[in-house]
Amino acid sequence: MPELPEVEVVRRGLAAHVTGARITDVETHGARVLRRHEPGAADFAARLRGRTIREVARRGKYLWLDVGDEAVVVHLGMSGQMLLARPGDPDPRHLHARFGVTTGEGDPIEVHFVDQRTFGGLALTAVDQDGTPEPVAHIARDPFDPLFDPLAVARRITKRPSAIKRQLLDQTIVSGIGNIYADEALWRAKLHGERPGDRLTKPAVVRLLGHAHDVMSDALGEGGTSFDSLYVNVNGESGYFERSLNAYGRGGQPCRRCDTPMRREHFMNRSSFSCPRCQPRPRRG
DNA sequence: AATTAGCCCTGATTGC
DNA sequence: TGCAATCAGGGCTAAT
């Protein structure tokens, strides 16, 4: 988490407020937030001051501010937030970066990067001819991308013996899907996450990818999934999709399709939730 | 080449 | 009450 819908909520909020804005001040706290920005904090701030934010873009869970021939790449990690603030507002806890910007209307506002668990980070990098920043070049297109090709992805998935959930979470195969929406898509598709990719048909995988798209689209419509105050939009508000989850976090509760108690299993060092009846484990062999 | 374990990190929760 | 163990887990790196 935040997964594609939550990152898209943030992207939209930022786009509405800072597109066309000029960056006037840049301040970072600590080394960790810029650990992927090799040249360091002074370089980051100096190169950004005076630049104009042309666009706020996203692929999968990566977000970036297009400032011309370069981009500020933002990854929220587990707990990162991009919050709008007014100059003079008190610093929130876990503030790692502060951008002072002046909007097209001449309004001075601040953008705060706040991150409790510090798995997130920022970097200023070059972009390729398509405008994709270097750190995002290896990330596959996500199901919201106009150039996303479900059949090509299904062809790739059905060639590999790896478990389907593992492949759904592999950001170089399809991006934007994390543990929550993987479980939700598998529940909708009535597939167990440990089904080997090469034991599924291409149409079944195309259907699964369609479910992944649909559940993330539904979540976006509710402002994303918020379990607690860590997952919020640029105004600090929570989303409401948690109440609509059918699988994730519902261990022991009745399946919303067949009433069978949902199971919780450990897979890839995390929890997986599924229905024992709708989503039978694959047979051995 | 593909896969997997380990690491990074804080705070809420659980257990003794 | 107090402290330690556990859990949440995305993405990168090193090892197999």
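Any value given below was found using the heavy atoms of this structure, including those in side chains, with hydrogens, waters and symmetry copies removed.
At the phosphate of B/dT4, OP1 or OP2 sits under 4.0 Å from a side-chain N or O atom of A/Arg166. Checking the phosphate oxygens (OP1, OP2) of B/dG11, a side-chain nitrogen or oxygen of A/Arg93 falls inside 4.0 Å. At least one side-chain nitrogen or oxygen of A/Ser271 sits closer than 4.0 Å to the OP1 or OP2 atom of C/dA8. Phosphate proximity of C/dG11 to A/Gln171: present, with a side-chain N or O under 4.0 Å from OP1 or OP2. Distances shown here put every side-chain N or O of A/Thr118 at or beyond 4.0 Å from the OP1 or OP2 atom of B/dT10. An OP1 or OP2 oxygen of C/dG10 is reached within less than 4.0 angstrom by no side-chain nitrogen or oxygen of A/Tyr181.
Between the C1' atom of B/dA2 and the CE atom of A/Met268 lies a distance of 13 Å, rounded to the nearest Å. Between A/Arg59 atom CZ and C/dG10 atom P there is a gap of 20 Å when expressed in whole angstrom units. In this structure, A/Leu76 atom CG and C/dG11 atom P are separated by 10 Å, rounded to whole Å. The separation between A/Ile139 atom CD1 and C/dC12 atom C1' is 11 Å, rounded to whole Å. One can place CZ of A/Arg117 at 9 Å from C1' of B/dC9, the figure rounded to the nearest angstrom. When rounded to the nearest whole Å, the span between CG of A/Leu95 and P of B/dT10 equals 15 Å. Atom CZ of A/Arg32 and atom P of B/dC7 are 14 Å apart (whole Å). Atom P of nucleotide C/dG11 and atom CG of A/Leu63 are separated by 13 Å, given to the nearest angstrom.
Relative to the axis of its first five pairs, the axis of the last five pairs of the helix from B/dA2-C/dT16 to B/dC16-C/dG2 sits at 50°, rounded to 10 degrees.
Heavy-atom minimum distance, A/Thr28 versus A/Val33: CB-CG1, 4.2 Å. A pairwise comparison of heavy atoms in A/Pro92 and A/His112 identifies CD-ND1, 3.6 Å as the closest pair. Considering every non-hydrogen atom in both A/Ala71 and A/Trp64, the closest pair reads CB-CD1, 3.7 Å.
Among the atoms of the strands shown, only primed sugar atoms or phosphate atoms (P, OP1, OP2) are found under 4.0 Å from some heavy atom of A/Arg36. Note on A/His266: nothing from the nucleic acid sits closer than 4.0 angstrom, heavy atoms only. Contacts of A/Glu3 with the nucleic acid, taken as non-hydrogen atoms under 4.0 Å apart, are absent. Residue A/Arg264 is in sugar-phosphate contact alone, with no base atom involved, counting any heavy-atom pair closer than 4.0 Å across all strands shown.
The aromatic ring of A/Phe119 stacks onto the base of C/dG10, its centre lying under 5.5 Å from the centre of the six-membered base ring with the two planes under 30° apart.
The pair A/Asp259-A/Arg277 does not meet the salt-bridge criterion, since no charged nitrogen lies less than 4.0 angstrom from a carboxylate oxygen. Under 4.0 Å is where a charged nitrogen must lie from a carboxylate oxygen, and between A/Asp69 and A/Arg51 at least one such pair does. Comment: A/Arg141 does not engage A/Asp149 in a salt bridge, judged by the lack of any side-chain N to carboxylate O separation of less than 4.0 angstrom.
With the nearest nucleotide of DNA chain B identified for both A/Arg35 and A/His94, A/Arg35 has the one nearer the 5' end.
Under the 6.0 Å distance and 45° angle rule, A/Arg256 does not count as a cation-pi partner of A/Trp187.
To the nearest 0.5 Å, atoms OG (A/Ser274) and CZ (A/Arg250) are separated by 12.0 Å.
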